[in-house]
Number of protein chains: 2
Amino acid sequence: MATRTPRNSLSSELIISKALELMEGRGLDSFSLRALAGELGVGPMAIYTYFRNKDDLYDAVRDHLMGLLPAVPAGAAWPDQVRAVCRGLRRLMLQHPCLAQLLASRPLSGHETARVAEGLLGVLHSAGFGREIAARTHTTLFTYVLGATSWEIQMATEQRDPEGLRRLRTTMESLSATEFPTVVDLAPELARTTGGDEQFDYGLDLLISGLRTAS
Amino acid sequence: MATRTPRNSLSSELIISKALELMEGRGLDSFSLRALAGELGVGPMAIYTYFRNKDDLYDAVRDHLMGLLPAVPAGAAWPDQVRAVCRGLRRLMLQHPCLAQLLASRPLSGHETARVAEGLLGVLHSAGFGREIAARTHTTLFTYVLGATSWEIQMATEQRDPEGLRRLRTTMESLSATEFPTVVDLAPELARTTGGDEQFDYGLDLLISGLRTAS
DNA sequence: ACCTGAACACCGTTCAAGT
DNA sequence: ACCTGAACACCGTTCAAGT
């Protein structure tokens, strides 16, 4: 029984926080404006006073989440600063799994990525890297974090669901050892490297190490 | 005027190829089973004879695309082989942009990723890398390709749309130079490193170079 | 400006039925 | 088995109207 919300008690902040709650609760795929409106105790069209359409709301939620990014630690060596920024973004994505999907599916308005960019670029540029190298490195690091963490979240989601876990095992066992000899041989190692801090840091350190020898 | 397709002329292969055509034509977001059925000249429920539901069809399309991955070049040094596999996956994603979205949004049954895994793992393992290092490196490389290429596709899509390009420019210009000094300063370099072969290879070589010094 | 209510043009999927 | 047709429970969004 949804009680009607009185007039003028709605706000874009309230809508965003309730939308975020629903996206994290039931998943981004099953999120709908009608369900959100119902949860807020208003008609579906009330939301259109604050957002032009559904995509506009998606962008607002994504911007809100990106605003939670921690600041770059000052006075540390650049490899540690790079690590801090990348880990911070990963942590944020893990805490808010819908952020990964929002970053992957929605085109970017640019403003919210500027926060990450400023952190990484600032560190790299003041560490002495050239303009183009700094830009290239930033894009490389950012896309690595995006890919690695999205993948990690997806694997974790699949493994949480008992049905998905069963499907994962059966397909893994059905792989023919002649067609996929190495995968079958290294299956236990592969299962252990689908995510986690260690796996993330391994790739991150590979990039940083490559960056060291290049400069 | 949709002519009715006669009985028994449907097949899962035909459905998959038509679905792929629609996904690439009008985009994955606006793809629907009803539209697909209309295009095939059958009722919406005819598809359910061959696929359990929409997600099942998504998986089938993704598997079909992953089957197009080129084989690993034999008899080359491992860095070149790694480069070949990663570039092959990127090329496939660029040729079929919906693949990026399919890999990012749908959980994996495991079988189709085995093709990439076998290529990368095989190369790394026979190059002398230990079991765990080979597994970790594979996941790192795979997620890098995924993130870098997804990002690249997204930026290209945004820039193709004139409305999106305008939005991108205005938000870039609206960034305050005091809040985002480095981003504003390096804006031209950033714009040039949002994608392309050079950018992809830069990150890939960073990883390979890091891998060299680690071993 | 802020919000409602009805309506439009869609969805994926179930179910019973036909061949 | 292969496919239809009606129906159910949803969608996002437009439009005219009310306060």
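Each chain gets a letter, A, B and so on, in the order its sequence line appears, and its residues count up from 1.
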Which base, if any, makes a Watson-Crick or G-U wobble pair with dA6(D), both distances under 3.5 Å?
->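 Partner of dA6(D): dT14(C).
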
Just by distance, do the side chain of T194(A) and the backbone of L190(A) share a donor-acceptor pair under 3.5 Å?
->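 Not at all, since once roles are kept as given, no pair shorter than 3.5 Å links the two residues.
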
Taking Y58(B) for its side chain and N53(B) for its backbone only, find out whether a donor-acceptor pair lies under 3.5 Å.
->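 Absent.
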
Which residue, P44(A) or S32(B), contacts DNA chain C at a nucleotide closer to its 5' end, judged by nearest heavy atom?
->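 Upstream on the strand: P44(A).
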
Pick the nucleotide of DNA chain C nearest each of A35(B) and Y50(A); which residue has the one closer to the 5' end?
->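 Its nearest nucleotide being more 5', the pick is Y50(A).
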
Choosing from dG12(C), dT4(C), dT4(D), which nucleotide comes nearest the side chain of M45(B)?
->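 Nearest listed nucleotide: dT4(D).
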
If you check every side-chain atom of A46(B), which of dT13(C), dC3(D), dG12(D) has the closest atom?
->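 So the side chain of A46(B) is nearest to dC3(D).
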
Between [N] ([atom2]) and [X] ([atom1]): distance, integer Å:
X	N	atom1	atom2	answer
N53(A)	dC11(D)	CG	C1'	14 Å
I47(B)	dT4(D)	CD1	C1'	13 Å
K54(A)	dT14(D)	NZ	P	14 Å
F51(A)	dG12(D)	CZ	C1'	16 Å
R34(A)	dT4(C)	CZ	P	13 Å
R52(B)	dG12(C)	CZ	P	16 Å
D29(A)	dC11(D)	CG	P	14 Å
L33(B)	dG12(C)	CG	P	5 Å

Within less than 4.0 Å of OP1 or OP2 of dA1(C), is there a side-chain N or O belonging to T49(A)?
->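 Result: no.
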
Report yes if at least one side-chain N or O of Y48(A) is closer than 4.0 Å to OP1 or OP2 of dC3(C); otherwise report no.
->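 It does not, given that no N or O in the side chain of Y48(A) lies less than 4.0 Å from OP1 or OP2 of dC3(C).
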
Below 4.0 angstrom, N of the basic side chain to O of the carboxylate: do E132(A) and R136(A) qualify?
->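 Between R136(A) and E132(A) there is a salt bridge, with a charged N closer than 4.0 Å to a carboxylate O.
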
Could you give me the CA-CA distance, side-chain angles and deciding distance for Q101(B) and S150(B), then say whether side-chain hydrogen bond (donor to acceptor under 3.5 Å, both in side chains) is met?
-> CA-CA 8 Å; Q101(B) 283 186 68; S150(B) 296; over 6 Å; no

Ignoring hydrogens and angles, state whether a donor on the side chain of T137(A) or Y202(B) is under 3.5 Å from an acceptor on the partner side chain.
->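 Yes, because at least one side-chain N or O of T137(A) sits under 3.5 Å from a partner of the opposite role on Y202(B).
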
